[in-house]
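So the structure is just underneath, and the comments pick up after that.
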Amino acid sequence: MKKYIALLMALFITLLFTSCLSRTEPRILLNDEYLQITQTGGKIDVYDVLGDVTYTFYIRHKNASKRLTEPYTAVNTPTLRIEKQYKKIILYVKRSEEIYTLSISRIFPNISLKLGVNE
């Protein structure tokens, strides 16, 4: 019985470490002529190609009293405007007039990217 418990613990620890290692590899969400958006775990990098600037956002779980209640403009440059809302980051590319919405999932630090009109 002790051997089975030790084997299960070793298997659990191995799975835990392999899941942690897989999150260190960046995931490319968008790569076009104006923007490059990558996600590495809970970190989101938005690279403005025309402005040659990288903006970094972090996914953090906060208490209800410390959460963002009002949307605000985080970045406003001649090439890009980034607006932060609750569980969303909205990117307005001024040159191509495209709008990208990064929606942050509720449980896992996973992001979905949608092109189109702000909801």
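Keep in mind that this is a model prediction, so the values were computed, not measured.
Side-chain atoms of T40 never come within 3.5 Å of backbone atoms of K43 as a donor-acceptor pair (strictly under, hydrogens ignored). Counting only distance, with no hydrogens or angles, the side chain of K94 and the backbone of N76 share no donor-acceptor pair below 3.5 Å.
T14 contributes atom OG1, which lies 11.0 Å from atom CE of M9 (distance to the nearest 0.5 angstrom). In this structure, CZ on R95 lies 8.0 Å from OG1 on T79, to the nearest 0.5 angstrom. Considering CD1 of I82 and OH of Y92, their distance stands at 11.5 Å, rounded to 0.5 Å. With values rounded to the nearest 0.5 angstrom, L50 atom CG is found 9.0 Å from S96 atom OG. The line from NZ of K84 to CD1 of I90 is 12.0 Å long, rounded to the nearest 0.5 Å. For the atom pair OH (Y55) and CG (L91), the distance works out to 11.0 Å, reported to the nearest 0.5 Å.
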Any chance you could lay out the side chain to side chain donor-acceptor pair (under 3.5 Å) test for Y100 and E98, step after step, and finish with the verdict?
CA-CA 7 Å; Y100 296 99; E98 292 178 327; 2.7 Å; yes
Show your working on side-chain contact (heavy atoms from CB on, under 4.5 Å) between I44 and I89 and close with a plain yes or no.
CA-CA 10 Å; I44 306 159; I89 299 172; 4.2 Å; yes
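If you chain together hydrophobic residues whose side chains sit under 4.5 Å apart, F57 and Y34 fall into the same group. One hydrophobic cluster holds both L30 and L102 under the rule that ILVMFWY side chains link at heavy-atom gaps under 4.5 Å.
Annotation for D48 and T77: closest pair OD2-OG1, 4.1 Å, computed over non-hydrogen atoms.
No side-chain heavy atom of D32 sits less than 4.5 Å from a side-chain heavy atom of V93. The side-chain heavy atoms of V75 and V46, taken from C-beta on, include no pair separated by under 4.5 Å.
At a cut-off of 3.5 Å, with distance as the only test, a side-chain donor of Y47 or D52 sits close to an acceptor on the other residue.
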